[in-house]
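Atoms within a ligand are numbered from 1 in the order they appear, just like the ligands themselves.
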Amino acid sequence: MSKVFDLLREKDDKILRSGSAFRVYFSDVAMMTSIDRIAQIYHQPLPDLLFEAQKTHRQHHDPRAIQLCTLGNIKTGACPEDCGYCSQSVHHQTELQPEPLMKIDEVVAEAKMAKAAGSTRFCMGAAWREVRDGAAFDRVLEMVRQVAALDLEVCCTLGMLKPHQAKQLKEAGLTAYNHNLDTSPSYYSKVITTRTYQDRLETIRTVSEAGISVCCGGILGMGESTQDRLDFLAALSGLDPVPESIPINCLIPIVGTPLENAPPVDPIDLVRVIATTRILFPRSMVRLTAGRTQMSDELQALCFMAGANSIFTGSVLLTAPNPERSHDEALLDRLGMVPKPL
Ligand code: SAM
Ligand code: SF4
């Protein structure tokens with residue numbers, strides 16, 4: 001069976017690599033073939049899916065190693081975007097207290113603590129719609145320089161970017177830029193109305209063209225269908241190059257947002273999405289990101305078996321709770337797994 005998939009993959013790869021992300025994205029033939037293949041992978045019996053994901057994972061990664069990352073929110077709340085899941089949007093009445101851009105020293109101190117606790121990647125998130133030139137961006141550039149000097153991978157997620165800003169981030173030592181597609185092209189406007197999928201794709205292209213590695217993933221549990229999830233994976237595989245880092249979030253329902261009552265993701269569906277992502281993106285880091293406090297240890301273990309090889313540690317993730325570091329350490333220990341060295 002997997003030979004069939006290999007052949008299909010080879011054929012798809014030729015189509016998908018034949019042009020820019022945009023040409024590929026809007027080529028119906030490429031999308032159809034790709035979605036067809038992704039559906040075949042996703043809907044296999046779970047034992048076959050997990051076996052294929054494990055085989056792929058072991059060809060490219062140490063199956064025992066999990067990269068630990070830390071995400072610091074360097075500017076909190078008051079964001080003009082209306083992302084339906086987000087605690088930081090001005091459009092929702094949440095309990096979050098906005099906070100201005102942090103000082104450089106505070107962020108560097110957080111990065112040092114993260115490194116001491118075993119993280120090899122430090123991500124800085126700002127509740128901005130887009131980057132604006134000026135003092136705030138200059139401060140972020142300095143944060144990037146100082147965190148990079150600590151010998152950590154440095155990632156930023158600051159909203160939309162222009163080419164000259166991407167170039168400045170690259171020169172400051174940025175490893176990766178996070179910009180999530182979040183869901184399928186057709187479901188996107190049901191969750192966010194203040195920007196388009198195309199806006200997202202353009203920033204991703206800007207990041208790639210500046211020579212920065214792309215971190216791009218999505219959120220499960222926003223009311224999307226299985227088909228939306230497969231379409232989202234197809235959109236990711238249409239990017240050229242494909243993302244080096246793929247965060248898979250489970251929605252953390254935030255009181256006061258339109259998605260506050262969204263039902264939880266079926267755990268087996270989550271495992272299927274992780275395994276399918278691993279098979280489609282053999283070399284990428286697949287990060288089990290938001291929503292781990294709602295997951296059992298067993299479910300997280302199954303996600304690692306399915307090919308997830310990174311988690312975010314620390315008791316807060318952006319503005320929401322995350323498992324305690326000691327719990328994660330104990331879990332990896334029980335599983336005979338280890339933090340991935342840089
Ligand atoms: N403003 C920037 C942007 O949107 O690109 C960066 C910050 S944003 C908070 C980073 C990512 O966190 C979002 O793209 C989304 O995928 C994820 N996220 C935010 N709130 C979440 C929630 N309640 N549950 C799960 N994931 C969430
Ligand atoms: Fe703003 Fe990012 Fe939250 Fe959307 S996800 S409201 S852009 S902080």
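- Residue Val338 is not grouped with residue Phe304 when hydrophobic side chains (ILVMFWY) are merged at heavy-atom distances under 4.5 angstrom, including chains of intermediate members.
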Quiz prompt | Derivation of the side chain to side chain contact (heavy atoms under 4.5 Å, CB included) call for Lys115 and Phe122 | solution = CA-CA 8 Å; Lys115 183 176 176 173; Phe122 188 74; over 6 Å; no
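- Neither the backbone nor the side chain of Thr257 comes within 4.0 Å of ligand 1, counting heavy atoms alone.
- Listed by number with element, the atoms of ligand 1 under 4.0 Å from a non-hydrogen atom of Ala290 are 25 (C), 26 (N).
- Proximity of a side-chain donor or acceptor of Ser310 to a complementary backbone N or O of Gln67 within less than 3.5 Å is detected.
- Looking at Ile66, Ile248, Asn249, Ile274 one by one, the single match for side chain to side chain contact (heavy atoms under 4.5 Å, CB included) with Leu288 turns out to be Ile274.
- For atom 3 (Fe) of ligand 2, the set of protein N/O/S atoms nearer than 2.8 Å consists of Cys86 SG, ordered by chain and number.
- Here is the list of ligand 1 atoms found below 4.0 Å of a heavy atom in Ala126: 1 (N), 2 (C), 6 (C).
- For ligand 1, the polar-atom distance check against Ile252 finds a nitrogen or oxygen pair separated by under 3.5 Å.
- The shortest non-hydrogen separation linking Asp151 to Leu342 is O-CD2, 3.3 Å.
- The shortest separation from a heavy atom of Arg195 to ligand 2 is under 4.0 Å, placing the residue in contact.
- At under 3.5 Å, a nitrogen or oxygen of Tyr85, whether backbone or side chain, sits near a nitrogen or oxygen of ligand 1.
- Counting protein heavy atoms under 4.0 angstrom from atom 4 (Fe) of ligand 2 gives one or more.
- Using the six-membered ring where Trp is involved, His61 and His57 have ring planes that are parallel, under 30° apart on the 30 and 60° scheme.
- The closest approach between a heavy atom of Pro253 and any atom of ligand 1 is not below 4.0 Å.
- Judged by distance alone, with hydrogens and angles left aside, the side-chain atoms of Asn180 form no donor-acceptor pair with the main-chain N or O of Gly218 at under 3.5 Å.
- When non-hydrogen atoms are compared, ligand 1 lies under 4.0 Å from the backbone of Cys250 (N, CA, C, O) but not from its side chain.
- Below 3.5 Å of separation, one finds no N or O of Asn178 facing any N or O of ligand 1.
- Closest heavy-atom approach to atom 27 (C) of ligand 1 within the set Asp182, Leu161, Ile219: this belongs to Ile219.
- Polar contact with ligand 1: absent for Leu251 (N/O pair, distance under 3.5 Å).
- Counting all heavy atoms, side chain and backbone alike, Thr157 lies closest to Tyr177 at C-OH, 4.2 Å.
- Salt bridge absent: Arg139 and Glu142 never bring a charged side-chain N and a carboxylate O closer than 4.0 Å.
- Side-chain contact, Gln40 with Gln44: no donor N or O sits under 3.5 Å from an acceptor N or O.
- For the pair Val273 and Arg229, the tightest heavy-atom approach, listed with the atom from each and the gap, is CG2-CD, 4.2 Å.
- Between Arg292 and Asp328 there is a salt bridge, with a side-chain nitrogen of the basic residue lying less than 4.0 Å from a carboxylate oxygen of the acidic one.
- Residue contact check for ligand 1: Arg200 places a non-hydrogen atom closer than 4.0 Å to it.
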